[in-house]
Amino acid sequence: MAEIPKVYESQAIETKWYSFWEENECFTAKPERVSDERPAYSIVIPPPNVTGKLHMGHVLNNTIQDILARKARMDGKEVLWLPGTDHAGIATQSVVERKLRKEGVMKHRDDLGREKLLEHIWEWKEKHGGIIIEQLKKLGASCDWSRLRFTMDEGYTKCVQRVFVDLYKKGHIYRGKRMVNWCPKSLTALSDEEVIMKEQNSQLYYFKVEVVEEPGTWLEIATTRPETIPGDSGFAVNPNDPRYAHLIGKHAVRPLPVENQAHLPIVADEHIDIEFGTGVLKVTPAHDKADFDIGQRHGLEVIDILEPDGKMNRLAGVELAGMDRFEARKAAAAKLEEMGALTKAEDYKNKVGFSERADVPVEPRLSEQWFLKYPSQDAARACVADGAMKFYPERWSKTYDYWMGGLQDWCISRQLWWGHRIPVWYRGEEIHCDLDAPEGEGWEQDPDVLDTWCSSWLWPFATMGWPEETETLNKFYPTTDLVTGPDIIFFWVARMIMAGYEYKGDLPFRNVYFTGIIRDKKGRKMSKSLGNSPDPLELIAQYGADALRFGTMRSAPLGLDVLFDEKDVELGRNFCNKLWNACRFRQMQGGESEGEISTEQLTSDDKWILRRLGQAIDDVTTALEAYRFSDATAALYRFFWSEYCDWYIESCKATFFGDDETCKANVLAVVDFVMGNTLRLFHPFLPFITEELWHGLGYSGDLPVEQGGKTIMTANWPKVFDASFNELYELDDTVDCLVAAKHDLVTQGRNLRAAYNIPFNKKIDYMFSPGGKSDANEVEVLKVLLNAESVSLDSEVPKGTPRVGSPFGDLYLPLEGLIDFDAERKRLAKELGKTEKEIAKVESKLNNPSFAERAPAEVLDEQRQRLAVWQAKRGQINEAICNLSN
RNA sequence: GCGCGCUUAACUCAGUGGUAGAGUGCUACCUUCACACGGUAGAAGUCGUUGGUUCAAAUCCAACAGUGCGCACCA
């Protein structure tokens, strides 16, 4: 391997290895390889919108999936990570329509017509649809690209139609005239889930109407929508409201439109809240869901006063007709005031439903649409409740259950062109629902398309070749994990579960991991308008994909939103650089290590780092099994930086800078063993740099292909050390204690140096008196760790020499007759204070009789030991103080 | 209104009953032969508030406060 440069340069390395992986088909899933020994692992990507560009949410989501997939490969599983994109009905059609309007190609979609517009959208899709896929590759995503799917692929479209026809024939799909959420901007119906309730600062208008049968008696009514008065067809009060009981059955005069002041019935309905406003409701069946229901109950007329685009029609009266609904609201209020009917108007906060995509208030509107009564509800609800499917974090299962318990029929038709056309044909009164157009003349296909989610809910099996019984389906369905955001738990997750049961008779995935939502560091949602959404590709270019992945994972704990800060990516970059340089250091110590690790040659530090490695393997493996990615990165960070680099490499220098070649070779063997394992532990998180180093350090060289000989991707995931391994290398907790004591002593020794303001680069002499047996190597290690000129063992220690101690031994800092007695006294006094405090704490506990009586023996023991340790320390400090004064 | 979260160092978060932790940031010192994208040391916390259970509470329970999200809504 060529000499490794000082700073890790990510770009060239990332490109190189990604092509290598693709060329060698490292991501390709082969169902025929699945066996008892080689179980299947599968995951389907939440298909990003085909219009999409990579954002931080994708980074979070796909990094997690990639980690899971890469880890599964290293576990020896046959992995399918199935990628694809979503046609995203409204979103895509509006993007392309906007572009066409901007280019002057059309003003309105009708200018082009269905066929031409679809041609434009397809053209646009072919041109831009691959962008996000290329971006995912930059991130390192190990999807099986040979299986890339699109929700409007020919085969996929067939699946969607087949399901429609099937559900229609089973009676789950029906057509009806219902109140739906209508988007006046997109000019289409929406599902309830596509409506976002937003709080608005509105006005509550109070106006009065005269009772026909009792002239001079007036009813006062509160409304936020005076413009809908022309659409009123009744007034409603609560039957138990004594104020109005005598008026029920009578009539009142509708004030607008002025040319048509109809007499409307006053009806009694339980729905009316006596407390709200005046207790009288104006009933507008055409423009409010609740009012529609009231109207139905009392046989009230439905008067539609709005055009589809939200403008008032002629039924609204001459004065309002043609106005936009918001303009009309003001005009209607002004008219009421002019008539003297407006009694007051007050500021009022209410919640209004907005169209998710177009971000305008939706209109409840009576219209003929297709609806779906969800199939397989019970099985879908039960599988989460009984634990067959697991949600991470678990609490989302409650949200899911709640929603599943109150399912409303799903409005699935959309008045759009981009999407799956509804497979229904009409001829007069005849209706034909099937995959193909019926024979004969005069049939017209339903003009509407299906809600986008009508195709995505089939994703887990439609992407695998359903309805054919493909090898892929047999081996990879149900999928193992799904990784997605909790914001689409109803839109997508719940519906996939129902579809899975209905069409595969089984759940679509076993585990669902819900990511947090990515926010900026101030906790705000990322959005284009705030400009707080960084471009992941720029971050990759600047810091590297591994850095972005690591930084994101490190700050994304399970169950919490992610506060993204570019600092995290910088930290990831620094971490990669540290890893790079640790390997560079290894390389500088000479060629490949030969032979096995020799037990006799192992130093305490060697054993210690092996113990720590064992712990790290355990920690990372456990964290990944529990989908705790931030814990896994934290464990890796701690092990590699704080333990391996800060302590082990430093202590190795005692050997590397010495001249015992046998020792050196053995330490190199340990280093290679540890690094080989470390790189593998890192690989799912940092795929690029680990692959480069795996080859650079020659670890791939002597391994069979299936164990990492060709790529670290197929190297075995490190196993937690078993008993025979621990026995062979004499790994047990005595070594932990010994080295912990050593490190403690070193830290105290460095502290002494700092306390006496001796710069770290100045080599000084320490004296050491071992606490137990100690060999030359240990002393040499102390010397390196303390950056000492010498560590002498047998010198006479002058009186008052600053001293620190741990079970490893005592360490003195001789100051060549220049002992600053005052400074040392001060330092010792401070130490003594701390110690006294601890002793007091433990003593008070132990002196409490109920504690002594009731606490378990091991807790008592522990406390007694603590006391003893602190008391010993106090003794030493006191002795030192004594020495100073003599 | 109902439900679900969160509240621990300046910041972001770990911490399921027994010694308050990490990373970042901060302060001081250091270009020492892997790394200044680095090293060493240090300072820094009434664990939201109040009560309760317990020998012992950041941890369990209750109430409250603040904050975020979801669902349902009163026009």
Side-chain angles (χ1 to χ4, degrees), chain A residues 4 6-8 197 204-205 221-225 228 236 271-284 288 290-291 294 348 350-351 393 395-396 398-399 402-403 406 486-487 489-490 517 519 521 523 543 547 554-555 557 559-563 565 567-568 570-589 628 630-631 633-634 637-638 641-642 645-646 649-650 653 656-657 746-747 750-755 757-763 784-787 838 841-842 845 848-856 858-860 862-863 866 869-870:
Chain A
I4 307 182
K6 203 167 169 176
V7 171
Y8 171 59
M197 300 305 285
L204 189 59
Y205 300 92
I221 301 165
T223 180
T224 52
R225 300 198 64 185
T228 64
H271 174 261
I272 311 308
D273 180 350
I274 297 176
E275 305 295 322
F276 186 87
T278 60
V280 186
L281 173 73
K282 69 187 215 33
V283 186
T284 324
D288 185 283
D291 287 16
I294 295 171
Y348 182 67
N350 64 341
K351 285 194 175 166
R395 65 187 153 87
W396 289 111
K398 219 170 190 173
T399 307
Y402 185 77
W403 191 72
D487 47 335
I489 188 167
F490 308 137
I517 292 174
R519 301 172 177 282
K521 61 181 166 186
Y543 298 103
R554 207 177 146 282
S555 56
L560 293 175
D561 285 353
V562 185
L563 299 194
D565 186 343
K567 277 257 180 253
D568 292 324
E570 197 181 314
L571 179 131
R573 191 256 332 245
N574 295 354
F575 189 78
C576 289
N577 195 53
K578 187 80 176 175
L579 182 61
W580 185 256
N581 274 288
C583 292
R584 186 162 163 261
F585 175 75
R586 159 63 188 93
Q587 191 206 33
M588 291 164 83
Q589 304 315 315
R628 302 183 64 100
S630 60
D631 285 1
T633 51
Y637 193 99
R638 189 209 61 234
W641 202 308
S642 310
C645 291
D646 288 353
I649 289 195
E650 291 308 315
K653 287 176 181 172
F656 288 145
F657 300 156
V746 168
T747 301
R750 290 166 174 168
N751 186 325
L752 266 188
R753 175 203 275 274
N757 286 323
I758 303 165
F760 194 76
N761 61 342
K762 187 170 175 204
K763 299 235 172 191
V784 170
L785 294 179
L786 290 162
N787 198 32
E838 290 297 331
K841 228 165 117 189
V842 184
K845 210 173 216 184
N848 180 348
S850 13
F851 174 73
E853 264 168 50
R854 306 200 193 192
E858 65 264 26
V859 174
L860 261 166
E862 213 180 292
Q863 296 298 326
R866 278 196 66 207
V869 167
W870 284 111

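Below, chains carry the letters A, B, ... as their sequence lines are ordered, and counting in each starts from 1. On a predicted model such as this, the values are computed, not experimentally measured, just so you know.
- Base pairing of rC4(B) is made with rG68(B), judged by Watson-Crick or G-U wobble geometry with both donor-acceptor distances under 3.5 Å.
- When both distances must be under 3.5 Å, the Watson-Crick or G-U wobble mate of rA62(B) is rU50(B).
- Applying the Watson-Crick and G-U wobble criteria (two distances, each under 3.5 Å), rU12(B) pairs with rA22(B).
- Regarding contacts with the backbone of rA72(B), every side-chain N or O of Tyr402(A) stays at 4.0 angstrom or more from both OP1 and OP2.
- In this structure, the CG atom of Asn757(A) is 18 Å from the P atom of rU27(B), given to the nearest Å.
- To the nearest 0.5 Å, the span separating OG1 on Thr278(A) from CD1 on Ile272(A) amounts to 10.0 Å.
- If you check rG70(B), rA75(B), rG3(B) against the side chain of Asp273(A), the one that comes closest is rA75(B).
- When the nearest nucleotides of RNA chain B are assigned to Lys567(A) and Arg225(A) by heavy-atom distance, the more 5′-ward of the two goes with Lys567(A).
- When the C1' atom is used for both rA43(B) and rA28(B), the distance is 10 Å, rounded to whole Å.
- Thr747(A) comes within 4.0 angstrom of the backbone, heavy atoms only, and of no base.
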Heteroatom pairs (N/O) under 3.5 angstrom, protein to nucleotides 10-18 of chain B:
| unit_1 | atom_1 | unit_2 | atom_2 | d |
| --- | --- | --- | --- | --- |
| rG15(B) | OP1 | Arg628(A) | NH2 | 3.4 |

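- When the P atom is used for both rC4(B) and rU40(B), the distance is 47 Å, rounded to whole Å.
- The gap from the P atom of rA56(B) to that of rG18(B) amounts to 14 Å, rounded to the nearest Å.
- Applying the side chain to side chain contact (heavy atoms under 4.5 Å, CB included) criterion to Arg573(A), with sequence neighbours excluded, gives Tyr543(A), Ala547(A), Glu570(A).
- Residues Leu785(A) and Arg750(A) meet the side-chain proximity criterion, which asks for heavy atoms closer than 4.5 Å.
- Remark: Asp561(A) engages Arg519(A) in a salt bridge (Lys or Arg N to Asp or Glu O under 4.0 Å) (not counting sequence neighbours).
- Rounded to whole angstrom, the span from the CG atom of Leu571(A) across to the P atom of rU24(B) amounts to 6 Å.
- To the nearest whole angstrom, the two C1' atoms, one in rA36(B) and one in rU32(B), are 13 Å apart.
- Checked against side chain to side chain contact (heavy atoms under 4.5 Å, CB included), Asn350(A) has the following partners two or more places apart in sequence or in another chain: Gln200(A), Ser202(A), Thr224(A), Tyr348(A), Val352(A).
- Contacts of Tyr543(A) with the nucleic acid, taken as non-hydrogen atoms under 4.0 Å apart, are absent.
- For the C1' atoms, the distance linking rG48(B) with rG5(B) amounts to 15 Å, nearest Å.
- A close approach under 4.0 Å does not occur between any side-chain nitrogen or oxygen of Lys282(A) and OP1 or OP2 of rA75(B).
- With both ends at atom P, the span from rU59(B) to rG17(B) equals 11 Å, rounded to whole Å.
- Ala634(A) comes within 4.0 angstrom of no nucleic acid atom, judged by non-hydrogen atoms across all strands.
- No engagement by Tyr205(A) is indicated, since no non-hydrogen atom pair under 4.0 Å with the nucleic acid exists.
- The side chain to side chain contact (heavy atoms under 4.5 Å, CB included) test applied to Thr399(A) returns Trp396(A), Phe490(A), not counting sequence neighbours.
- Among rU19(B), rA72(B), rG3(B), the nucleotide with an atom closest to any side-chain atom of Lys351(A) is rA72(B).
- Residue Arg750(A) places at least one side-chain N or O closer than 4.0 Å to OP1 or OP2 of rA41(B).
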5' to 3', nucleotides 30-37 of chain B under a 4.0 Å protein heavy-atom cut-off (B base, S sugar-phosphate only, - none) gives SSB-BBSB

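- Evaluation of the salt bridge (Lys or Arg N to Asp or Glu O under 4.0 Å) rule for Arg395(A) yields no partner, not counting sequence neighbours.
- Contact annotation for Ile489(A): no contact, since no heavy-atom pair falls under 4.0 Å across all strands.
- Here the closest heavy-atom approach between residue Lys282(A) and residue Thr223(A) is recorded as CE-OG1, 3.5 Å.
- Residues passing the ring-ring contact (aromatic ring centres under 6.0 Å, His included) test with Phe585(A) are Phe656(A), sequence neighbours excluded.
- With sequence neighbours excluded, the residues that form a side chain to side chain contact (heavy atoms under 4.5 Å, CB included) with Cys583(A) are Met675(A), Leu693(A), Leu697(A).
- Mapping Ala222(A) and Arg554(A) onto RNA chain B via the closest heavy atom, the residue that lands nearer the 5' end is Arg554(A).
- Ring-plane geometry between Trp580(A) and Tyr8(A) is classed as tilted, the angle between the planes lying from 30 to 60 degrees on a 0 to 90 degree scale.
- Nucleotides rG45(B) and rC37(B) are separated by 31 Å at their P atoms, to the nearest Å.
- Between Asn751(A) and rU40(B), a side-chain N or O to OP1/OP2 separation shorter than 4.0 Å is absent.
- Rounded to an integer number of Å, the gap from Arg519(A) CZ to rC69(B) C1' is 8 Å.
- Whole-Å rounding puts the Lys398(A) NZ to rG3(B) P distance at 9 Å.
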